[in-house]
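When reading the values below, keep in mind they use all heavy atoms of this one structure, side chains included, and skip hydrogens, waters and symmetry mates. Counting from 1, the numbers follow the sequence of the chain as shown.
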Amino acid sequence: MAAAAADAFALAAPAPWRWAAPETVAGFRFSIGLDALSAFFLLSLAALAAPVSVYGFGYIRHGVYGRSPVMRSGLLNALLGALALIFTAGHVVLFLAAWEAGGASYFLVTASHEEETRHGGWLFILMSRAGAGMMYAGLLLLAEFAGSLDFDKLSGTGNAMPGAAAAAAFLLLFFGFGIKAGIIPLHAWLPAAHPVAPSHVSALLSGIVIKTGIYGIARVCFDFYLEMPPWAGLVVLAAGVVSGLLGVLYALMEHDLKRLLAFHSIENIGIILMGFGGSLLLRSYGYPKLAALALVAGLFHTLNHALFKGLLFLGAGAVVHASHTRNMEEMGGLIRGMPRTAMYFLAGAAAISGLLPLNGFVSEWLTCQAPLAGFGTTKEITRVAFPVAGALLALTAALAAACFVKAFGITFLAMPRSEHARDAKECCPSMRAGMAWLALACVVLRLGAQWMIPAFDGATLELLQTRISLSAVSWSTAAL
């Protein structure tokens with residue numbers, strides 16, 4: 001709660017807050033701080049960590065966490081601390097140290113000793129190393145031209161670099177952070193690691209750990225590069241479209257409930273990148289209001305995804321614990337024994353499908369608005385890219401709805417298809433409380449969307465030097 005209050009203050013503050021430590025023996029002067037972008041991601045972390053922790057009490061008590069629950073609970077807290085430091089670090093070396101400390105998630109993923117778990121853990125750590133290497137190279141290339149390792153001095157450095165060096169640094173950082181985010185074709189670790197982790201860890205991995213990649217991409221695209229050529233925006237937009245569409249198609253083929261949710265994380269990362277890519281293109285062509293609308297859409301979907309995907313993974317954890325399987329074909333009829341879990345899972349399914357009553361609708365609708373409003377304002381290939389991206393986003397949303405009709409129907413409706421499903425009972429109160437918390441948050445963010453939008457003014461002013469008004473977000477294309 002204290003973290004959430006501090007983040008809300010930082011979002012509304014007129015200037016970033018910074019604190020620098022005394023110079024170290026190595027000559028580094030580490031700093032931490034909160035600007036609007038870091039405060040937003042830290043707020044997303046606080047919003048998910050609290051209900052996941054409440055859920056985790058019951059999850060651990062019922063012995064679902066594998067061996068050494070006390071040690072793994074300590075590792076979970078270490079991971080939360082590392083994530084907070086990633087979002088607040090103001091120095092490259094401190095940021096990289098926090099990034100490496102986030103490797104505690106490997107030990108959380110490998111909570112059991114099954115072969116599938118070991119495979120998922122090793123794939124996670126190997127691809128994380130590859131992404132970190134690319135990220136290190138890109139950050140050090142920027143720091144070389146900036147003459148400093150402070151994030152403040154790196155702001156705008158990309159525009160002062162020679163063209164080839166600037167392009168190389170951008171691509172290294174985009175794909176380095178993209179591995180952590182799980183963009184296609186760099187996604188192989190995500191559907192291998194997320195399903196085998198304990199379910200409240202899966203909720204954190206999908207809801208916020210992969211968002212460290214999104215934070216890095218946002219920091220690079222809108223802070224380290226104050227202007228970018230149109231091709232860079234097209235790269236981000238194309239990665240978003242491909243990840244969104246292929247992610248949902250992979251999910252449609254799945255019968256493993258947690259793997260299905262993992263592929264939907266890739267889909268939603270794609271939707272976020274569509275917003276970022278659209279914003280970069282519109283900024284390149286001189287439409288700051290539309291660029292701000294697209295950026296807000298991407299950031300809002302980042303928060304929404306943390307909440308509804310966390311809810312779905314927590315619901316899946318309760319279902320897997322009751323039915324002793326992740327295979328949906330061996331479930332069925334669970335709504336009889338687990339009515340509250342079914343209700344919470346249905347709320348998450350409606351939110352991720354972008355249905356009107358819940359928060360996913362708002363951010364997906366906003367993501368559609370910028371390409372529609374931007375059509376005709378740009379030229380060359382982007383004149384085609386915007387309507388194609390908008391159409392494929394609509395297709396992605398429709399396929400997501402179809403996928404969750406399948407997931408909810410097969411899991412909770414019809415007749416039980418196994419003895420465990422027939423005898424399934426509702427999970428404990430703390431697990432239900434964690435799910436209820438997130439379901440309520442999904443409803444509140446939908447009902448309070450028009451009051452939530454102004455909270456992004458700090459981010460758009462800081463990153464794009466403009467803001468959008470509520471009239472520009474009245475579910476129309478009046479952002480010009």
Side-chain angles (χ1 to χ4, degrees), residues 116 120 123-124 127 175 178-196 202 205-207 210-211 213-214 234-278 297-298 301-302 304-305 308-309 312-313 315-316 326-329 331 345 348-355 360-361 363-365 367-368 371 384-411:
E116 183 187 12
L123 192 56
F124 167 70
M127 293 200 68
F175 289 111
I179 289 177
K180 177 67 77 174
I183 63 173
I184 290 177
L186 309 174
H187 68 291
W189 70 271
L190 197 154
H194 287 205
V196 299
S202 297
L205 289 173
S206 188
I210 64 174
K211 303 298 173 46
I214 293 297
L234 283 172
V235 167
V236 178
L237 183 64
V241 170
V242 170
S243 297
L245 185 58
L246 292 185
V248 74
L249 289 174
Y250 280 130
L252 274 167
M253 297 186 291
E254 276 297 333
H255 296 283
D256 182 318
L257 181 58
K258 291 184 70 176
R259 277 179 63 86
L260 179 148
L261 296 179
F263 278 119
H264 273 289
S265 292
I266 298 171
E267 173 224 339
N268 282 274
I269 289 296
I271 294 173
I272 294 167
L273 291 181
M274 286 186 210
F276 286 3
H301 200 72
T302 299
N304 286 339
H305 177 253
F308 59 62
K309 182 52 66 66
L312 287 166
F313 265 115
R326 301 199 315 253
N327 187 352
M328 294 185 294
E329 298 294 341
M331 298 179 186
F345 192 93
I352 198 173
S353 300
L355 299 185
F361 167 79
S363 49
E364 290 192 22
W365 180 257
T367 306
C368 281
V384 177
F386 275 135
V388 168
L392 292 178
L393 174 59
L395 176 60
T396 299
L399 291 174
C403 186
F404 277 96
V405 167
K406 161 193 159 181
F408 184 83
I410 293 176
T411 302

Using the six-membered ring wherever Trp is involved, compare the ring planes of W365 and F361 and label them parallel, tilted or perpendicular (cut-offs 30° and 60°).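 Parallel, since the angle between the ring planes stays under 30°.
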
Please state whether the rings of F404 and F345 are parallel, tilted or perpendicular, taking 30° and 60° as the class boundaries.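 Rings of F404 and F345: tilted, as their planes differ by 30° to 60°.
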
Reported [atom1]-to-[atom2] distance for the pair [X] and [Y], which is rounded to 0.5 angstrom:
| X | Y | atom1 | atom2 | result |
| --- | --- | --- | --- | --- |
| N268 | E364 | CG | CD | 6.5 Å |
| L249 | I266 | CG | CD1 | 12.0 Å |
| K309 | L261 | NZ | CG | 6.0 Å |
| M328 | K258 | CE | NZ | 14.0 Å |
| T302 | F276 | OG1 | CZ | 5.0 Å |
| I269 | I214 | CD1 | CD1 | 4.0 Å |

Nearest heavy atoms of [X] and [Y], plus distance in Å:
| X | Y | value |
| --- | --- | --- |
| A316 | L257 | CB-CD2, 3.8 Å |
| K211 | H305 | NZ-ND1, 2.9 Å |
| M127 | I179 | O-CG2, 3.3 Å |
| S265 | F313 | OG-CE1, 4.4 Å |
| H264 | I352 | CB-CD1, 3.9 Å |
| G348 | F308 | O-CB, 4.2 Å |

With no hydrogens and no angle check, is any side-chain donor or acceptor of [X] less than 3.5 Å from a backbone partner on [Y]?
| X | Y | result |
| --- | --- | --- |
| R259 | P191 | yes |
| T411 | A407 | yes |
| S202 | H194 | yes |

Check against side chain to side chain contact (heavy atoms under 4.5 Å, CB included), L399 and E267: CA-CA 11 Å; L399 291 174; E267 173 224 339; over 6 Å; no

Apply ring pair (Phe, Tyr, Trp, His ring centres under 6.0 Å) to Y250 and list each qualifying residue two or more places apart in sequence or on a separate chain.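 With neighbours one apart ignored, the set is H187, F263.
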
